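Each remark here refers to the structure printed beneath this line.
Quantities reported herein were computed from a predicted structural model and do not represent experimental measurements. By convention here, the first residue in the shown sequence is residue 1. Hydrogens, waters and symmetry mates play no part in the numbers below; they use all other heavy atoms, side chains included.
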Amino acid sequence: MSMQKNHPFHLVEVSPWPILGAMSAMITMMGLIKWFHTFSSNLLYLGMISTSMIMYQWWRDITRESTFQGHHTYIVTMGLRWGMILFITSEVFFFISFFWSFFHSSLSPSIELGMNWPPKGISPFNPLQIPLLNTLILLSSGLTVTWAHHSLMENNFKQAIQGLVTTVILGVYFSVLQGFEYMEAPFTISDAAYGSSFFMATGFHGLHVLIGSTFLLICLTRTKKNHFSQIHHFGFEAAAWYWHFVDVVWLFLYISMYWWSS
């Protein structure tokens with residue numbers, strides 16, 4: 001803009017990414033429904049590719065605004081902090097709905113479930129095998145992301161990169177193990193309320209782990225490019241908050257859907 005700015009707020013330039021992002025998300029969901037009904041995944045892949053390309057370009061623009069153009073002043077950063085806090089709060093309520101459904105069915109199983117939980121014929125996972133290993137992995141990743149954060153605040157970029165690399169590896173390891181667990185599962189999402197509750201809750205948590213791993217991988221790339229400083233690294237803080245939220249949700253999932261249900 002040619003006009004001189006006499007305020008600390010950031011008036012965002014006209015951007016095509018919000019409307020294109022909404023359209024690509026709609027295409028992705030339409031492709032998902034088409035895949036469910038016709039087993040054809042071409043529209044789903046188109047939506048996922050377009051969404052990924054838009055995410056890359058949108059985040060690139062935000063990185064430029066904060067790192068190179070200096071638009072993210074203290075007041076703008078505080079607004080971003082509150083936005084991230086409210087977003088994580090909405091995610092908390094999103095998962096509360098799954099836990100509500102699970103405990104509604106488990107604490108008072110209906111006659112259709114044989115008044116048993118888990119329903120008769122369903123063999124739950126052993127909580128002391130892959131679920132326990134995944135719990136240790138996520139708890140460890142919470143420690144490593146905190147290590148990376150404190151290293152960044154102490155201007156120790158070498159240890160910050162080491163902590164982020166370790167966290168991303170642990171996140172990918174968790175996703176691989178969860179995928180293996182799903183392939184070996186003795187029940188499916190269509191097996192009564194138990195299967196629906198289990199796969200919806202753990203599946204969406206797995207999606208959040210993938211998103212969080214991507215978030216941290218981008219922070220790792222930005223750290224290597226010296227985009228963060230000792231006092232200006234909200235992008236990393238937001239990723240760390242999100243990762244801790246993912247950790248806490250998994251603890252509740254492990255205690256209720258793996259350990260208590262078994």
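Taking CD1 of Ile130 as the reference point, atom CD of Glu184 lies at 8.0 Å (rounded to 0.5 Å). Distance check: Leu216 CG to Thr221 OG1 gives 11.0 Å after rounding to the nearest 0.5 Å. One distance of note links CG of Leu170 with OG1 of Thr144; it measures 5.5 Å at 0.5 Å rounding. Note: Thr77 OG1 to His233 NE2 = 11.0 Å, rounded to the nearest 0.5 Å. Note that OG of Ser24 and CG of Leu46 are 9.5 Å apart. Values are rounded to the nearest 0.5 Å. Note that CD1 of Ile96 and OG of Ser90 are 11.0 Å apart. Values are rounded to the nearest 0.5 Å.
Heavy-atom contacts from other residues, nucleotides or ligands closer than 6.0 Å to CZ of Phe94 number more than 12. Around CH2 of Trp241, the count of heavy atoms belonging to other residues, nucleotides or ligands within 6.0 Å exceeds 12. Counting heavy-atom neighbours within 6.0 Å of Ile231 CD1, excluding the residue itself, gives a total of 12 or less. Other residues, nucleotides and ligands contribute at most 12 non-hydrogen atoms within 6.0 Å of the OH atom of Tyr173. For Tyr45, the OH atom sits in a loose shell: 12 or fewer heavy atoms of surrounding residues, nucleotides or ligands are nearer than 6.0 Å. Within a 6.0 Å sphere centred on CE of Met48, other residues, nucleotides and ligands contribute 12 heavy atoms or fewer. Atom CE of Met153 sits in a crowded spot, with more than 12 heavy atoms from other residues, nucleotides or ligands closer than 6.0 Å.
Nearest heavy atoms, Met84 versus Ala238: CE-O, 3.6 Å. Minimum interatomic distance between Gly212 and Trp243 (heavy atoms only, all atoms of both residues): C-CZ3, 3.6 Å. Counting all heavy atoms, side chain and backbone alike, Pro8 lies closest to Ile75 at CG-CD1, 3.4 Å. Contact between Ser256 and Phe99 at its shortest, heavy atoms only, is OG-CE2, 3.4 Å. The minimum heavy-atom distance between Asp247 and Gly142, with the atom names listed, is OD2-CA, 3.3 Å. Taking all atoms of both residues into account, the shortest heavy-atom contact from Pro127 to Tyr254 is O-OH, 2.8 Å.
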Mind running side-chain contact (heavy atoms from CB on, under 4.5 Å) on Trp260 and Phe102 for me, showing each step along the way? CA-CA 12 Å; Trp260 183 75; Phe102 174 80; 4.0 Å; yes

Stepwise ring-ring contact (aromatic ring centres under 6.0 Å, His included) check, Phe252 with Phe95: CA-CA 10 Å; Phe252 282 100; Phe95 277 98; over 10 Å; no

Might you work through the ring-ring contact (aromatic ring centres under 6.0 Å, His included) test for His149 and Phe236, ending with a clear yes or no? CA-CA 8 Å; His149 189 197; Phe236 180 87; 5.5 Å; yes

Set out, in order, the CA-CA distance, both residues' side-chain angles and the distance that settles side-chain contact (heavy atoms from CB on, under 4.5 Å) for Lys158 and Asn156, then state yes or no. CA-CA 6 Å; Lys158 182 179 179 181; Asn156 190 337; 3.9 Å; yes

Please assess His208 against Glu91 for the test side chain to side chain donor-acceptor pair (under 3.5 Å), listing each intermediate value before the final yes or no. CA-CA 10 Å; His208 282 71; Glu91 292 283 276; 2.2 Å; yes

Going through the checks in order, is the ring-ring contact (aromatic ring centres under 6.0 Å, His included) test met by Phe157 and Phe228? CA-CA 9 Å; Phe157 285 89; Phe228 297 133; 8.6 Å; no

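Under the 3.5 Å distance criterion, the side-chain polar atoms of Ser196 are matched with a main-chain donor or acceptor of Ile189. Ser175 places a side-chain N or O within 3.5 Å of a backbone atom of Gly171 that can act as its donor or acceptor partner. Side-chain atoms of Ser229 come within 3.5 Å of backbone atoms of His232 as a donor-acceptor pair (strictly under, hydrogens ignored). Of the possible polar contacts, none joining the Asp61 side chain to the Trp58 backbone as a donor-acceptor pair under 3.5 Å is found. Formation of a donor-acceptor pair under 3.5 Å by the Tyr194 side chain with backbone atoms of Pro124 is not found in this model. Side-chain atoms of Ser105 do not come within 3.5 Å of backbone N or O of Ala193 as any donor-acceptor pair. For Gln57 (side chain) and Met53 (main-chain N/O), a donor-acceptor pair under 3.5 Å exists by modelled atom type. Checked by atom type and distance alone, the side chain of Thr67 never pairs as donor or acceptor with a backbone atom of Arg64 at under 3.5 Å.
Ring geometry for His227 against Phe68 counts as perpendicular: the plane angle is over 60°, on a 0 to 90° scale with 30° as the lower cut.
Put simply, the side chain of Leu43 reaches to within 4.5 Å of the side chain of Met30, judged on heavy atoms.
Under the 3.5 Å distance criterion, with hydrogens and angles disregarded, a donor-acceptor pair is assigned to the side chains of Thr188 and Ser190. Counting only N and O atoms by type, the side chains of Thr202 and Tyr182 include a donor and acceptor under 3.5 Å apart. The closest side-chain donor-acceptor pair between Gln159 and His150, if any, does not fall under 3.5 angstrom. Looking only at atom types and distance, the side chain of Ser40 has no donor-acceptor partner in the side chain of Trp35 under 3.5 Å away. With 3.5 Å as the limit, one finds a donor-acceptor pair spanning the side chains of Trp250 and Thr135.
Between Phe9 and His71, a ring centre-to-centre spacing not shorter than 6.0 Å is recorded.
When hydrophobic clusters are built by joining Ile, Leu, Val, Met, Phe, Trp and Tyr residues whose side-chain heavy atoms come closer than 4.5 Å, directly or via intermediates, Trp100 is not grouped with Leu251.
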